[in-house]
Every structure is written in structure tokens, then in C-alpha cells.
Engineer: 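After the C-alpha cells below, expect a handful of questions from me.
From a predicted model like this one, the values you see are computed outputs, not experimental measurements. In what follows, every heavy atom counts, from backbone to side chain, and hydrogens, waters and symmetry copies are set aside. Letters A, B, ... are given to chains in the order of the sequence lines, protein chains preceding strands, and every chain is numbered from 1.
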Amino acid sequence: MDFIIDAAVKAIKHLYQTDVAPAAIGLQETRKEFDGQITIVTFPFTKFSRKGPEQTGTEIGEYLLNELKEVASFNVVKGFLNISLSDEYWIAQLYNEVLPDTFAVAKPNGQKVMVEYSSPNTNKPLHLGHVRNNLLGFSVAQILAAAGYEVIKTNLVNDRGVHICKSMLAWQKFGNGETPESTGMKGDHLVGKYYVLFEKELRVQLAPVLDRIYEKNDLTLFKEGQKVKIQALLNSIDKLKVKKQATPADKTKAIDELNDKIAADEDKIKEIAKGATQLMIETQQMLQKWEAGDEAVIELWKTMNGWVYAGFAETYKQMGVDFDKFYYESNTYLLGKDIIEEGLDKGVFFKKEDGSVWIDLTADGLDEKLVLRSDGTSVYITQDMGTAQLKYNDYHMDKSIYVVGNEQDYHFKVLFLILNKLGKAGADGLFHLSYGMVDLPSGKMKSREGTVVDADDLMAEMETTAEKLANESGKIEDFPEEEKLKLFHTIGMGALKYFLLKVDPKKRLLFDPSESIDLHGNTGPYIQYTHARIKTVLRRGDYQIDDQIKITVLDALERDVVLLLTQFPDIIQAAAKDFSPALVANYVYELAKTFNKFYDKHSVLKAETETLKQFRLQLSASSAKVISQAMALLGIDVPERM
RNA sequence: GCACUCGUAGCUCAAUUGGAUAGAGCGUCUGACUACGGAUCAGAAGGUUAGGGGUUCGACUCCCUUCGAGUGCACCA
């Protein structure tokens with residue numbers, strides 16, 4: 001559409017002797033209720049045209065009509081200049097732009113981008129939240145690649161720390177030597193089972209500790225600093241309770257707030273108290289042994305992580321996501337200390353008397369932030385600084401996208417700010433692709449309450465739903481068994497992926513496990529079905545590419561389809577710019593719907609003339625191609641028949 | 001308490017980044033030629049865009065404010 005923008009710029013120069021930037025011409029698609037395909041908003045030009053928006057629009061419209069052979073007519077409604085391009089133009093677009101193999105294949109733009117996603121802990125299986133993360137990350141990577149970037153997909157595996165020691169300890173204590181082989185369980189689920197057992201045993205051990213605190217006022221289990229903290233929390237709780245007593249019973253909101261605060265303080269006490277249980281003491285000892293390189297602990301750690309990786313590999317395969325490079329925290333958790341030195345030299349960081357290192361971000365509206373403990377060990381953000389450096393050294397990418405949940409918004413804000421202040425190469429290409437949590441109707445998923453939706457279960461359930469519907473339809477009876485199974489997977493995953501990706505990433509997303517994901521309407525299977533149906537027509541229609549343009553007039557529905565098809569490359573660029581698979585999802589749905597409208601109204605194979613039939617076959621083939629490509633950007637397969 | 005994010009039809013989501021009469025799907029109701037494949041298509045009902053104020057030719061979108069939901073504010077990761 002650049003030629004219209006250029007012409008409009010010339011029109012304004014010619015009519016009003018004013019230079020405007022091409023970007024100032026607001027082109028948009030004409031709304032359905034008006035004639036035309038392209039609309040220019042003329043309000044902004046009235047300043048220098050010194051005429052009303054209608055007259056301005058009419059003058060520009062007349063200029064375009066005279067200058068551009070592609071413009072067939074125009075109309076002006078208020079400040080909107082609606083332009084109709086000729087049918088010849090749209091037909092040529094289909095044959096010259098959409099049909100060739102080069103359509104929507106972006107030239108390499110010479111830029112490298114890293115997309116880090118998934119990043120699981122190795123102590124339990126993946127759940128619905130991870131599914132959203134994985135699908136988002138994979139899809140964004142696909143979109144960036146389609147937009148011309150060289151993409152590196154990475155997975156930073158959190159394979160060390162207290163949480164893994166918990167599973168390991170519980171397995172040692174209660175495992176009786178169980179293995180994935182001996183139990184037939186998927187490795188990640190087996191390890192997860194022991195994580196749950198650990199938490200269960202921890203609750204048992206925690207009860208008497210809490211009892212001593214609350215009932216007997218006995219804090220002798222704790223160190224001095226902890227005693228002080230607990231006492232302060234107890235005092236705070238007492239005060240809140242007094243306040244609650246004094247609050248009239250009808251002020252339910254105030255009472256709720258007080259209850260929340262009390263619960264928060266009690267949780268803090270619980271956290272400290274956990275540390276006094278035998279189980280947590282042993283866990284900490286195990287972690288220390290791990291850090292000291294104790295052979296037996298390392299051996300167990302390797303074995304159990306190995307089980308988890310085998311399980312994850314299966315889940316990733318099922319989900320259809322993959323990675324070019326794995327990073328492991330066990331290799332990166334000590335990184336970042338050299339950057340601390342660098343920051344101190346540059347005066348970006350400062351040291352306190354106790355030796356801890358900080359950065360002052362108050363000028364940027366944030367707080368002071370610790371970057372190195374007084375004992376000289378790293379914190380989370382130190383590691384992340386180091387890992388960022390490591391990744392940059394490995395790949396020298398222009399951009400780096402972190403697909404991580406929105407509860408870490410603050411962390412990444414700080415991290416990026418620090419790297420910028422340090423003047424690190426690539427620091428201005430950092431982006432946190434923050435996404436909202438997946439909520440259940442009952443609220444947040446909580447492993448403690450057993451309300452976690454397991455990724456493997458969910459995928460299996462989606463396939464079952466697809467199988468049921470496919471069998472009911474009676475259309476697949478003659479399919480070989482193998483094709484059936486593949487189809488159930490394609491449809492089930494299509495439904496799940498589309499469901500999760502069509503929503504703007506940053507929004508929270510509600511998922512009701514009791515209602516299986518829909519397969520009708522605005523869904524993945526609807527689009528897959530559209531594709532399969534087109535393919536059947538093409539199989540029967542003796543379709544071959546023929547670039548002799550023989551028809552000259554388009555029906556409105558045909559034009560709608562062509563118009564949408566030509567927008568595909570722009571959609572890819574927009575989605576790449578915003579890192580938003582939702583844009584692609586909404587586009588491909590719109591395309592499928594528009595095609596279905598056309599398909600319902602007009603017959604392809606029984607078109608009035610042979611040339612019209614050939615044209616409609618080309619149109620159908622192009623639509624199938626774009627649907628298939630767009631779905632691939634979402635990581636969704638489309639079947640030939642279903 | 002402070003900071004950030006969000007609030008659109010009964011439900012789940014859109015809205016070309018400030019543009020026209022706010023659009024889809026699900027659900028509800030009514031229709032579709034012996035189907036180029038009915039996992040489809042056509043139609044009806046459903047909205048004070050959480051409330052109030054402001055900015056301007058124009059506001060779901062930007063600013064202020066109130067209300068509501070969520071998240072974050074460790075020498076944990």
C-alpha cells in the first residue's frame with residue numbers, strides 16, 4: 001500500500017503546499033459498512049488545508065483518482081476518505097504477490113534474536129502455566145523467524161537449589177529405590193511425587209514447632225535474629241487482632257483486610273519455623289553437600305534430574321516445542337561476580353560497611369537493590385546478570401526476549417536497568433515478554449491444594465475430546481489407525497494451542513478444567529476444518545497454477561478474501577514487533593471465517609465458467625496456504641482431511 | 001502502606017495502537033438449497049467499555065480520581 005501513501009503525500013504537497021511524512025498518512029482498512037477497501041483519515045490535514053474534513057477528503061480523493069490507475073473510485077464520509085481499488089488491481093495482487101512461493105517469506109534482516117522460554121524447575125512436572133509459557137515462547141520464535149530474524153531458542157533449566165534437594169531427600173527417605181522403570185511412571189512425575197511427599201512430611205513436622213511458638217511462647221529453637229523477627233510478627237498479629245475486635249461486625253471489608261494481614265504475618269512465621277524442622281535442616285545440609293561437590297549427593301542429583309529430563313523431553317515433544325541451546329543453573333549460579341567488580345569500578349554499584357554490594361535506583365523510581373551478599377555470595381539477580389553476559393558472549397544477539405510470568409516484572413525491570421547502566425552490549429535489546437497467570441474458576445492454581453492442571457494430563461484429555469468428536473462425526477471411519485491417532489493429536493493440540501495463544505499475552509487467562517475446550521466457533525479446529533475442506537476441493541478440482549489472468553471482475557466476497565490474504569506479511573511484521581501471537585491468531589480466524597462465507601455463497605467446482613472456476617481454485621489454494629503458514633506460526637498443524 | 005498490571009455482552013475474548021454506528025465465539029432463540037465436507041453458513045436478542053472528571057475535531061485507548069481484581073515489595077530462587 002506504499003504507493004497510495006506516496007501518492008497521498010504528493011497530493012497534499014500539490015494541493016496544500018505542505019510536506020508531510022509518509023508515516024503521517026493514517027491508512028486503515030475500510031469498515032465493512034462502507035464502500036471501499038482502504039481509508040485515509042483526513043482530520044489531521046485540515047490544519048493546513050484550511051478546509052473542512054469532507055472537502056479535504058474529496059480533493060485528495062480526486063487527485064488520487066486522476067493520478068493512480070489502480071484507484072477505481074472513492075467516497076468521503078465525514079473525515080474518512082474511502083478508496084476503492086480496481087478489481088484488476090486485486091486480481092493482480094493475488095497472482096503476482098500471494099500465489100508465488102516467495103509470498104510472506106521475509107528476507108533475512110541480518111538481526112539475531114534470542115528467545116528464552118520454558119525454564120522449568122526440575123523437581124516436578126510441567127503444569128498449565130508452563131504450557132502457556134512454552135507455547136508463547138515457541139510461537140514468538142516462529143514469528144520472529146518468519147519476520148526475517150535469525151532466532152536462537154534457549155531454555156535456562158533451574159536444575160539446582162533447595163527445591164531439588166527436597167525431592168531428593170524425600171526419595172532417599174521414602175523411595176525404596178523406586179525408578180521410572182520399576183514404577184512405569186514418567187520420570188518428572190515420579191520426582192514430583194517425592195516433592196509432594198516432602199511437603200506432606202514437612203507439614204507434619206511443622207505442627208509441633210508452631211505449637212511451641214503459639215501455645216508455649218517458646219522460641220528457643222531459633223537463632224537470635226530469628227527470635228527478634230518472630231517476636232515482632234507475634235506482636236504485630238496481636239495488634240491486628242485487637243484492632244479486629246474493635247471493628248464493628250458490619251464492616252466486612254475492613255475485617256477481611258485485617259484477616260489477610262494476620263494470615264500474611266502467620267505465613268512469615270511459618271516460613272521461619274520451617275527452617276527449624278528436622279527435614280529442612282537435612283535439606284539444607286544436602287544443599288551444602290551438593291555445593292561442596294559431595295559425590296553421593298551429586299550422583300543422586302544427576303540420576304533424578306536425568307529422570308526429569310526424560311520426562312520433559314516427552315512433554316516437549318508432545319507440545320511440539322524445541323530448543324537450540326540449553327543453559328543449566330548449576331553451571332551459571334556462580335556467575336556475575338566479575339560484573340560486580342566492574343560495576344564497583346564504574347561507580348554503578350556501591351559497597352556498604354558490612355561488605356554487601358548495592359545499586360541505588362531511587363533516581364529511576366525504584367529502590368536500592370542488593371546485588372551481592374555481605375558474605376560475598378550471589379543473589380538471584382547477580383546470576384541473571386552473569387547469565388545475560390554469558391548468553392551474549394555465546395551469540396552476540398541484537399535482541400534477547402525473556403518469556404517469563406508477570407510476577408517477575410519488577411525483577412526484570414531492575415535487571416535490564418542495571419545492564420543498561422553498566423553499558424553492556426545488547427542491553428538495549430532486552431525485552432521481558434511478560435504474560436499473565438492462568439487462573440482456574442476457583443482462583444489461582446496451587447500445588448498445595450492440589451488444584452494444579454498437569455500438562456501431560458491436559459494434553460491427553462484434549463486428544464480424547466478430539467477423538468470423541470471425530471468419531472461422532474463419522475467422517476474418519478475409513479482412515480487408517482495411524483492417521484486417526486495423528487489426527488486426534490493434531491486437533492486436540494490445535495484446540496489447546498489456539499485457546500491459549502489467541503489471548504493477549506499480558507492478560508490473565510481463565511481456564512475451566514470442567515469444561516473441555518471448545519472445538520466449534522472461534523477455535524483451532526474451526527480453522528483446521530476450513531483448511532481440510534479447501535484441500536478436498538483442490539483434490540477434486542484438478543487444480544494447477546495458472547498465472548494467466550483471465551477474469552476481470554471480482555465478487556465482493558472474493559475481494560474480501562484477496563484483501564485479507566495480501567495483509568499477511570504485514571501481520572507477521574506487526575506480530576514480530578509486538579511479540580504477539582494473538583495478532584496472528586485473530587488474523588487467521590478472520591481469514592478462515594471470510595473464506596467460509598465466500599465458500600458458502602459461491603461454488604468453486606460448479607462455477608459459472610471454466611475461467612471462474614480456475615480463479616476460485618487459485619483463491620482457495622492461496623487461502624489454504626496462508627492458513628497453513630499462519631497456523632504454523634502458532635505451532636499448530638493443519639490436517640489434509642479431518 | 002508503596003509500586004506495577006488488569007477491569008469491554010450472562011461467559012471467554014477482539015477492536016488496525018487516538019478514528020466512523022465498540023466486533024467475534026460460546027450460551028439462548030429462529031432459519032439454510034438432498035452438503036464442491038453441517039467441526040459450516042444466515043439472522044435475532046444481548047453494551048452508559050467498572051463509576052466520575054479532564055485533554056480534543058474525535059477516547060475502550062491518553063491524564064486525574066474513586067471502586068474492584070491480581071502480582072510484586074528477602075542478604076530465597
Engineer: Could you check whether A:F80 gets within reach of a base, just the sugar-phosphate, or nothing at all, counting any heavy atom under 4.0 Å?
Structural biologist: base
Engineer: Measure CZ/A:F43 against P/B:C57 and give the value in whole Å, please.
Structural biologist: 11 Å
Engineer: Applying a 4.0 Å non-hydrogen cut-off, can you work out what A:L510 is touching in the nucleic acid: base, sugar-phosphate, or nothing?
Structural biologist: sugar-phosphate
Engineer: Can a side chain N or O of A:R160 be found less than 4.0 Å away from OP1 or OP2 on B:C76?
Structural biologist: no
Engineer: What contact category does A:V503 fall into here, base, sugar-phosphate, or nothing, at under 4.0 angstrom with non-hydrogen atoms?
Structural biologist: sugar-phosphate
Engineer: Counting any heavy atom closer than 4.0 Å, what does A:V379 reach on the DNA or RNA strands: base, sugar-phosphate only, or nothing?
Structural biologist: sugar-phosphate
Engineer: Could you tell me the separation between the CD atom of A:E29 and the P atom of B:A20, rounded to a whole number of Å?
Structural biologist: 13 Å
Engineer: Round to the nearest Å and state the distance from A:R31 atom CZ to B:U16 atom C1'.
Structural biologist: 10 Å
Engineer: Give me the distance, rounded to whole Å, that separates B:C41 from B:C33 when you measure between the C1' atoms they each carry.
Structural biologist: 12 Å
Engineer: With rounding to whole Å, what would you report as the distance between B:U8 and B:G70 at their P atoms?
Structural biologist: 15 Å
Engineer: Hey, does A:D159 reach any base, or is it just sugar-phosphate, or nothing, if we go heavy atoms under 4.0 Å?
Structural biologist: nothing
Engineer: On a whole-Å scale, what distance lies between the P atoms belonging to B:C63 and B:A22?
Structural biologist: 24 Å
Engineer: To the nearest Å, give me how far apart NZ (A:K601) and C1' (B:U40) are.
Structural biologist: 15 Å
Engineer: Output yes when A:E291 and A:R160 qualify as a salt bridge under the 4.0 Å nitrogen-oxygen rule, no when they do not.
Structural biologist: yes
Engineer: With both distances kept under 3.5 Å, what pairs with B:C6, Watson-Crick or G-U wobble?
Structural biologist: B:G68
Engineer: Answer yes or no: are there more than 12 heavy-atom neighbours, outside A:K229 itself, under 6.0 Å from its atom NZ?
Structural biologist: no
Engineer: Starting at atom CG of A:L415, determine the distance to atom P of B:G72, rounded to an integer number of angstrom.
Structural biologist: 18 Å
Engineer: A:K593 side chain: which of B:A24, B:A20, B:C36 is closest?
Structural biologist: B:A24
Engineer: Under 4.0 Å, counting only non-hydrogen atoms across every strand here, what does A:Y589 touch: a base, just sugar-phosphate, or nothing?
Structural biologist: sugar-phosphate
Engineer: Using the P atom as the point on both nucleotides, what is the distance between B:G1 and B:U40, in whole Å?
Structural biologist: 50 Å
Engineer: Please give the nucleotide sitting opposite B:G58 as a Watson-Crick or G-U wobble pair, both distances under 3.5 Å, or none.
Structural biologist: none
Engineer: Which nucleotide, if any, forms a Watson-Crick or G-U wobble pair with B:C36, using both distances under 3.5 Å?
Structural biologist: none
Engineer: Return the value, rounded to whole Å, for the distance between atom NZ of A:K507 and atom C1' of B:C6.
Structural biologist: 8 Å
Engineer: Sticking with atom P, work out how far B:U17 lies from B:G53, rounded to a whole angstrom.
Structural biologist: 28 Å
Engineer: Among B:U40, B:A20, B:A24, which nucleotide sits nearest the side chain of A:N82?
Structural biologist: B:A20
Engineer: What is the nucleic acid contact for A:T530, judged by heavy atoms within less than 4.0 Å: base, sugar-phosphate only, or nothing?
Structural biologist: nothing
Engineer: Tell me whether A:Y529 is stacked on the nucleobase of B:G37, counting only the six-membered base ring and applying the 5.5 Å and 30° thresholds.
Structural biologist: no
Engineer: What's A:I491 touching, base or sugar-phosphate or nothing? Going by heavy atoms closer than 4.0 Å.
Structural biologist: base
Engineer: Counting any heavy atom closer than 4.0 Å, what does A:N158 reach on the DNA or RNA strands: base, sugar-phosphate only, or nothing?
Structural biologist: sugar-phosphate
Engineer: Is the number of heavy atoms from other residues, nucleotides or ligands within 6.0 Å of CG (A:D35) greater than 12?
Structural biologist: no
Engineer: Between A:E483 and A:K486, does any side-chain N to carboxylate O distance fall below 4.0 Å?
Structural biologist: no
Engineer: Heavy atoms under 4.0 Å, any strand shown: does A:E590 hit a base, just sugar-phosphate, or nothing?
Structural biologist: nothing
Engineer: Hey, is B:U17 sitting syn or anti, using the within-90° cutoff around 0?
Structural biologist: syn
Engineer: What integer distance in Å separates A:I38:CD1 from B:G19:C1'?
Structural biologist: 16 Å
Engineer: Considering every strand shown, what is the Watson-Crick or G-U wobble mate of B:C41 when both distances are under 3.5 Å?
Structural biologist: B:G31
Engineer: Taking NZ in A:K502 as the centre, count heavy atoms belonging to other residues, nucleotides or ligands within less than 6.0 Å. Is the count above 12?
Structural biologist: yes
Engineer: Does a side-chain N-to-carboxylate-O contact under 4.0 Å join A:E467 and A:K484?
Structural biologist: no
Engineer: Is any NZ, NE, NH1 or NH2 atom of the basic residue among A:D504 and A:K506 found under 4.0 Å from an Asp or Glu carboxylate oxygen of the other?
Structural biologist: yes
Engineer: Could you tell me whether A:T536 contacts a base, only the sugar-phosphate backbone, or nothing, with contacts defined as non-hydrogen atoms closer than 4.0 Å?
Structural biologist: base
Engineer: Counting only side-chain N and O atoms of A:R539, is one of them less than 4.0 Å from OP1 or OP2 of B:G37?
Structural biologist: no
Engineer: Counting only Watson-Crick pairs (N1-N3 plus N6-O4 or O6-N4) and G-U wobbles (N1-O2, O6-N3), all under 3.5 Å, who is the partner of B:A15?
Structural biologist: none
Engineer: Which part of the nucleic acid, if any, lies within contact of A:H531, taking any heavy atom under 4.0 Å across all strands shown: a base, the sugar-phosphate backbone alone, or nothing?
Structural biologist: nothing
Engineer: Does A:D504 contact B:A15 through a side-chain donor or acceptor facing the base, at a distance under 3.5 Å?
Structural biologist: no
Engineer: Using the P atom as the reference point in each nucleotide, state the distance between B:G54 and B:G68 in Å, no decimals.
Structural biologist: 24 Å
Engineer: Closer to the 5' end of RNA chain B via nearest nucleotide, is it A:V604 or A:L519?
Structural biologist: A:V604
Engineer: Check this for me: does any side-chain nitrogen of one of A:E224 and A:K227 sit under 4.0 Å from a carboxylate oxygen of the other?
Structural biologist: yes
Engineer: Return no unless some side-chain N or O of A:K78 is found under 4.0 Å from OP1 or OP2 of B:U21.
Structural biologist: yes
Engineer: Hey, are A:K124 and A:E199 close enough for a salt bridge, meaning a charged N less than 4.0 Å from a carboxylate O?
Structural biologist: no
Engineer: Partner of B:U48 by Watson-Crick or G-U wobble geometry, both contacts under 3.5 Å, or none?
Structural biologist: none
Engineer: Base, sugar-phosphate alone, or nothing: which one does A:R508 contact when heavy atoms must sit under 4.0 Å apart?
Structural biologist: sugar-phosphate
Engineer: Can you tell me the base-pairing partner of B:G1? Count Watson-Crick or G-U wobble geometry only, both distances below 3.5 Å, and say none if there is no partner.
Structural biologist: B:C73
Engineer: Stacking between B:C36 and A:Y599, yes or no? Criterion: centroid separation under 5.5 angstrom, plane angle under 30 degrees.
Structural biologist: yes
Engineer: Take atom P in B:U65 and the same atom in B:G46, then report the distance between them in whole Å.
Structural biologist: 37 Å
Engineer: For A:K597, which contact category applies under a 4.0 Å heavy-atom criterion: base, sugar-phosphate, or nothing?
Structural biologist: sugar-phosphate
Engineer: To the nearest angstrom, how far is A:D384 atom CG from B:C76 atom P?
Structural biologist: 16 Å
Engineer: State whether A:Y526 places a side-chain N or O below 4.0 Å from either non-bridging phosphate oxygen (OP1 or OP2) of B:C41.
Structural biologist: yes
Engineer: Go through B:G19, B:C36, B:A20 for me and flag the one nearest to the A:R540 side chain.
Structural biologist: B:C36
Engineer: I want to confirm an ordering. Mapping A:I476 and A:E407 to their closest nucleotides on RNA chain B, which one lands closer to the 5' end?
Structural biologist: A:I476
Engineer: Measuring only the C1' atom in each nucleotide, how far is B:G72 from B:G25? A whole number of Å is fine.
Structural biologist: 34 Å
Engineer: For B:C41, take OP1 and OP2 only and decide whether either is under 4.0 Å from a side-chain N or O of A:N596.
Structural biologist: yes
Engineer: For A:H163 and B:A77, is the shortest distance between a side-chain N/O and OP1 or OP2 below 4.0 Å?
Structural biologist: no
Engineer: Does the structure show A:Y410 stacking with B:A3, if we require the centres to be closer than 5.5 Å and the planes to be within less than 30 degrees of parallel?
Structural biologist: no
Engineer: Taking the six-membered ring for Trp, are A:F511 and A:F499 parallel (under 30°), tilted (30 to 60°) or perpendicular (over 60°)?
Structural biologist: perpendicular
